[in-house]
Structures are given as structure tokens and as C-alpha cells.
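Accompanying notes for the structure given below.
Naming convention: chains lettered A, B, ... in sequence-line order (proteins, then strands); numbering from 1 in each chain. Hydrogens, waters and symmetry mates are skipped; everything else that's a heavy atom, side chains included, is used.
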2 protein chains.
Amino acid sequence: MPENPVSQSVNPVIQSVWTRPRRPKREQPTLSRDVIVAEAVKLLDEEGAAALSMRRLGTRLNAGATSMYSHVASKDELIELVVDHIYGEMEVPGPDAARDWRTAAARCANGIRSTILRHPWIAPMLGEVGVSLGPNSMRLTEGMLAMLEEAGFDLEQADHVVRILFAYVMGMTTSEAAWLTMLARSGQSQEDWTRKVWPAVEQATRDYPHLRRRYTAQEGGRSNEVLVDNFGYGLDWVLDGLQARLDRG
Amino acid sequence: MPENPVSQSVNPVIQSVWTRPRRPKREQPTLSRDVIVAEAVKLLDEEGAAALSMRRLGTRLNAGATSMYSHVASKDELIELVVDHIYGEMEVPGPDAARDWRTAAARCANGIRSTILRHPWIAPMLGEVGVSLGPNSMRLTEGMLAMLEEAGFDLEQADHVVRILFAYVMGMTTSEAAWLTMLARSGQSQEDWTRKVWPAVEQATRDYPHLRRRYTAQEGGRSNEVLVDNFGYGLDWVLDGLQARLDRG
DNA sequence: GCGGGGTTGCGAACAGTGTACGCACATCGT
DNA sequence: ACGATGTGCGTACACTGTTCGCAACCCCGC
């Protein structure tokens with residue numbers, strides 16, 4: 001029988017138009033921006049930035065490779081949405097936080113830091129996306145600006161402060177996130193990894209005594225508390241400067 | 001005459017073994033790590049990060065697509081080399097800078113900033129590469145550490161300071177670089193671009209009065225001086241905190 | 001009822017990617 | 001003179017993002 005040349009795709013032997021399984025009924029639009037973005041975040045959390053491809057995302061959603069393009073214009077746009085989704089996880093300073101703006105700012109900074117460390121793949125994306133008009137990112141800066149103005153800064157000062165604060169947090173957290181992702185990619189523990197590259201470090205620091213002393217001092221990698229302390233120090237310095245500026249008028 | 005089909009792959013008709021042009025004589029090894037990295041930097045400067053592909057790089061070097069793999073293990077490794085090459089453009093504080101560590105640190109920070117802004121594509125790469133053992137990156141941190149210890153900080157403090165300072169500089173400069181690259185990609189001037197997206201901004205800031213006031217206040221984008229001032233403020237704050245810590249012991 | 005827009009899903013196809021493999025050749029140490 | 005070594009490169013493979021056109025479904029006006 002049937003060399004039926006109707007073959008319309010993978011399997012050249014097609015039984016008949018009548019026996020061919022109909023496409024599964026569409027109960028309701030299964031795809032939407034929200035579920036796409038949510039699944040992308042899940043994929044990124046589980047497998048990292050390199051694993052995000054439209055095809056993989058599609059199969060995870062039981063969808064075809066190109067089915068997302070009705071809801072999202074391009075992969076870059078998807079990434080912008082993902083970034084704003086993560087902004088949405090960050091805590092916004094409430095309106096009454098101006099009473100103690102200093103702890104409110106520190107709290108917000110720490111919140112941003114831990115959000116990024118929960119999704120370390122976001123750090124390079126933040127560098128590529130830059131300033132965005134996403135609603136969540138705007139909510140965050142709006143909250144910050146409002147709090148600072150309430151606390152006595154004028155518009156320009158508050159603008160500077162927000163920029164400086166965010167820059168510090170992003171810079172500090174980006175390097176922590178890079179360390180985390182490299183560790184995750186190697187699949188080893190901190191101790192294993194440092195033990196493994198130790199000879200290379202020793203050889204590379206041959207001509208750099210201070211660096212060598214630094215590495216030997218903190219052998220086995222920085223512990224989490226050390227990192228938090230380090231983050232807190234710099235944050236305090238920035239907030240000190242901020243306070244001085246506020247007192248000065 | 002000279003339809004000399006130099007290629008034997010594209011054109012299946014091969015005249016003869018004898019008439020086939022011999023491969024051009026190799027005068028001397030034309031490829032090396034250095035020329036590859038240098039050309040990669042040039043390509044990145046001219047066309048941005050998205051344009052860097054092994055094939056394009058190869059053709060720019062009059063080489064085949066895969067000829068670089070004798071000198072460079074992978075594209076990721078090439079990027080690490082490129083990053084360290086850029087580190088090499090940054091000014092390292094000299095040994096006598098400890099006399100006035102504050103201006104030395106500020107000078108170094110400004111140097112890092114302007115180097116990054118000269119190569120804005122590097123910002124996301126710094127986020128992906130993280131800490132590296134490249135010689136130039138080590139020279140820089142070694143110089144910083146040495147200067148700070150000379151100035152009176154102990155090892156641990158100097159470590160903190162370097163990390164905090166770099167974090168601030170990277171964070172601040174990354175957002176500036178992102179703005180620059182987006183501008184370059186759109187091919188428009190600051191004014192054109194802001195004018196063009198203004199309605200979108202106006203609509204997006206409907207519910208965010210502080211943000212809207214901020215945008216309207218600095219309409220037409222931040223000028224260069226404003227950016228430098230902004231960078232300098234935060235830097236001063238960080239250095240103030242640093243100074244206080246030094247005075248306290 | 002019953003068309004017909006408009007939207008959503010998707011298979012195929014296209015141009016372009018990083019890179020593994022193996023062959024041709026040049027160079028060099030013996 | 002001859003193998004060992006290392007460099008250049010054509011080919012090939014598995015993927016990538018994205019376009020296009022077609023099929024199926026929804027809803028809305030008749």
C-alpha cells in the first residue's frame with residue numbers, strides 16, 4: 001500500500017486525512033506573556049543564562065518553537081520583561097519609611113542584593129538592558145525617590161543618591177553573582193574549587209605579594225558573613241556621605 | 001582568462017591537480033594570540049558586542065573561520081583575554097602614590113571609568129567574567145592594594161576598600177555604558193532619542209510623580225559634566241568613609 | 001444560523017553561530 | 001632525510017533567533 005506522497009512532514013507515511021490525529025483542542029489560550037516570562041525565569045533559575053533559548057522555552061511550555069512570538073516581539077524583549085519581573089521581587093520602601101530613611105535605604109539595598117543573588121544570571125542582563133521603563137523598575141525608583149524627598153533631600157540630590165546607591169549595590173552584587181554562577185557552572189563546592197585552582201593562583205601571584213597574601217589569608221573562599229559584612233561596610237560609607245550632605249542642607 | 005576557481009569546495013569542477021593554485025606561501029606565522037585579541041578589540045570598538053563572531057573575526061584577519069582555535073581555546077577564553085587586554089589600558093597607581101592616597105584612588109577610579117566608557121561593550125563582559133587571574137587585572141589590584149597598605153590600611157581593610165571602590169566604579173560606569181551603547185545602536189543623538197521616546201516616558205510616568213519630575217528636570221539627557229559630577233559625588237562619599245576608617249585606626 | 005476578521009499556535013526554512021575533526025603543509029630537531 | 005609538531009582551513013554538525021504561511025480557533029455582526 002500506501003506510499004502516499006502526501007507526506008507533510010516528519011513521517012512520510014501518513015495514513016489518511018481521517019485517521020490523522022486532529023490537533024488537540026484548544027481549551028483556552030494556554031500561552032500568555034505572564035506564563036512565558038514566569039517559565040523563562042524558572043528555566044533561568046534552574047539552568048542559567050546560557051540555557052535560555054526560544055526552543056527550549058517552547059518545549060517546556062508544551063508549545064512549538066515559535067509560538068511565543070505572538071506574545072513577545074523578540075528574545076531581547078522577553079529578556080526585558082524577565083528583568084522587570086525580577087525587579088518586581090524587590091521590596092519597595094513604603095511611604096512611612098522616611099521617618100528613618102537610613103535604615104530604610106539600607107533595607108532596600110540589602111533586599112536588592114539578596115534578590116539578585118537569588119537569580120545570579122540577572123547581573124549581566126542588568127548591564128545590557130540599562131535603564132528601563134518597566135513598571136516594576138519604575139515602582140522601585142519612584143519609591144526610593146519619594147522616600148528621600150520626604151526625608152528632606154531636594155529633587156536633584158535624591159536623584160544623585162538613588163543613582164549612587166544603586167550603582168554601589170549593582171557593582172558589589174554583580175561580582176558576587178559572577179562568583180556564584182561560575183561555581184554553579186563548575187558544579188563544585190567552594191572548597192573543592194579553590195583547592196583545585198590553588199596551584200594556578202600560587203603561580204599567577206608569583207610577582208604580586210599583596211595579592212598573594214590576600215588570597216592566602218582568605219583561603220577557601222569568602223564565607224557568607226564576610227560578604228555581608230563587606231557589603232555593609234561600603235553601604236555605610238555611602239550612607240554616611242549621604243547623611244553629611246543632608247545635614248549640610 | 002582568469003576564471004580561476006580558486007576554491008575547490010564551492011565549485012565542483014576542478015581542472016587538475018596541476019593547475020590548482022597552491023596555497024599561498026606562509027611567510028611567517030601571521031596569527032598569534034596578540035593579533036587576534038587586538039583585532040577582536042578593534043572589531044568590538046567599531047561594531048559592538050553583538051558583531052563579534054569567530055567567522056567575522058577570522059575574515060578580518062584574512063584567516064579562515066576556525067584558524068583562531070590553535071591560539072585560543074574557545075570564544076569564552078578569547079573574551080577573557082579581551083577583558084584582560086582592556087584592564088591593561090587602565091592606569092595603575094604608582095608606588096609613590098601612597099603619599100596622597102586619596103587623590104591617587106580618585107585618579108585610579110576616574111581612569112577605570114574613562115577606560116570603560118571608551119569601550120562600553122566591556123561592561124556586560126565584566127559582569128560575566130567576574131574575578132580573573134589575568135595579568136593586567138592582577139597588576140591593577142596589586143597596585144591598589146600596595147598603595148593602600150602603604151597608606152596605613154592593614155591587609156583586610158585594604159581588601160575591603162578595593163572591593164568597595166571597584167564595585168562603585170563598575171556599577172556607576174555600567175549604567176553609563178549601557179546608555180552609551182543603546183544610543184550607539186539606535187544611531188541617533190541624545191536629543192533625537194529623548195525627543196522620540198518622550199511621549200512614551202510621559203505615559204509611563206503617569207502614576208509616578210517623582211520620576212516624572214526627575215525626567216522633566218533633566219530633559220534632553222544628562223550632559224557629560226553632570227555625569228562626571230555625579231560620579232565624583234559618590235566617589236567622594238566612599239572615600240570619606242574610607243578616610244574615617246583610616247583615622248579611626 | 002453563518003460567515004468573516006483577528007488572534008493564536010506551529011512546522012518549515014533561512015541565515016548565522018560555536019566548534020570538533022581531519023587533511024595539507026611548513027618548520028624544526030635529529 | 002625523516003618523523004614530530006604545530007598552524008591554517010574546509011567541512012560538517014548541532015543549535016540559535018526569527019520570518020513566513022497555513023491551520024485552527026475565537027468572537028462579532030449579520
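- Closest-nucleotide positions on DNA chain D for A51(A) and A73(A) were compared, and the one nearer the 5' end corresponds to A51(A).
- The closest donor-acceptor contact from the side chain of T141(A) to the backbone of S137(A) lies under 3.5 Å.
- Rounded to whole Å, the distance from CG on L31(A) to P on dC26(D) is 16 Å.
- For dT8(C), neither phosphate oxygen OP1 nor OP2 lies less than 4.0 angstrom from any side-chain nitrogen or oxygen of S67(A).
- Within the 4.5 Å cutoff, the side chain of M170(A) has no heavy atoms near those of the T174(B) side chain.
- Taking only distance into account, the side chain of T66(B) never meets the base of dG18(C) through a donor-acceptor pair shorter than 3.5 Å.
- Of the two residues near DNA chain C, S70(A) and R55(A), the one whose nearest nucleotide lies more 5' is S70(A).
- Summarising the geometry, the separation between CE on M68(A) and C1' on dT8(C) is reported as 13 Å, rounded to the nearest angstrom.
- Without hydrogens or angle criteria, R212(B) side chain to E202(B) main chain gives a donor-acceptor distance under 3.5 Å.
- OP1 or OP2 of dG9(C) lies within a sub-4.0 Å distance of a side-chain N or O belonging to H71(A).
- Nearest heavy-atom pair, H119(B) versus I86(B), reported as atom, atom and distance to 0.1 Å: CD2-CD1, 3.7 Å.
- The side chain of M54(A) sits closest to dG17(D) out of dT19(C), dT8(C), dG17(D).
- Among the heavy atoms of the strands lying under 4.0 Å from L52(A) are primed sugar atoms or P, OP1, OP2 only; no base atom is included.
- In terms of position along DNA chain C, the nucleotide closest to N62(A) lies nearer the 5' end than the nucleotide closest to the other residue of the pair A65(B) and N62(A).
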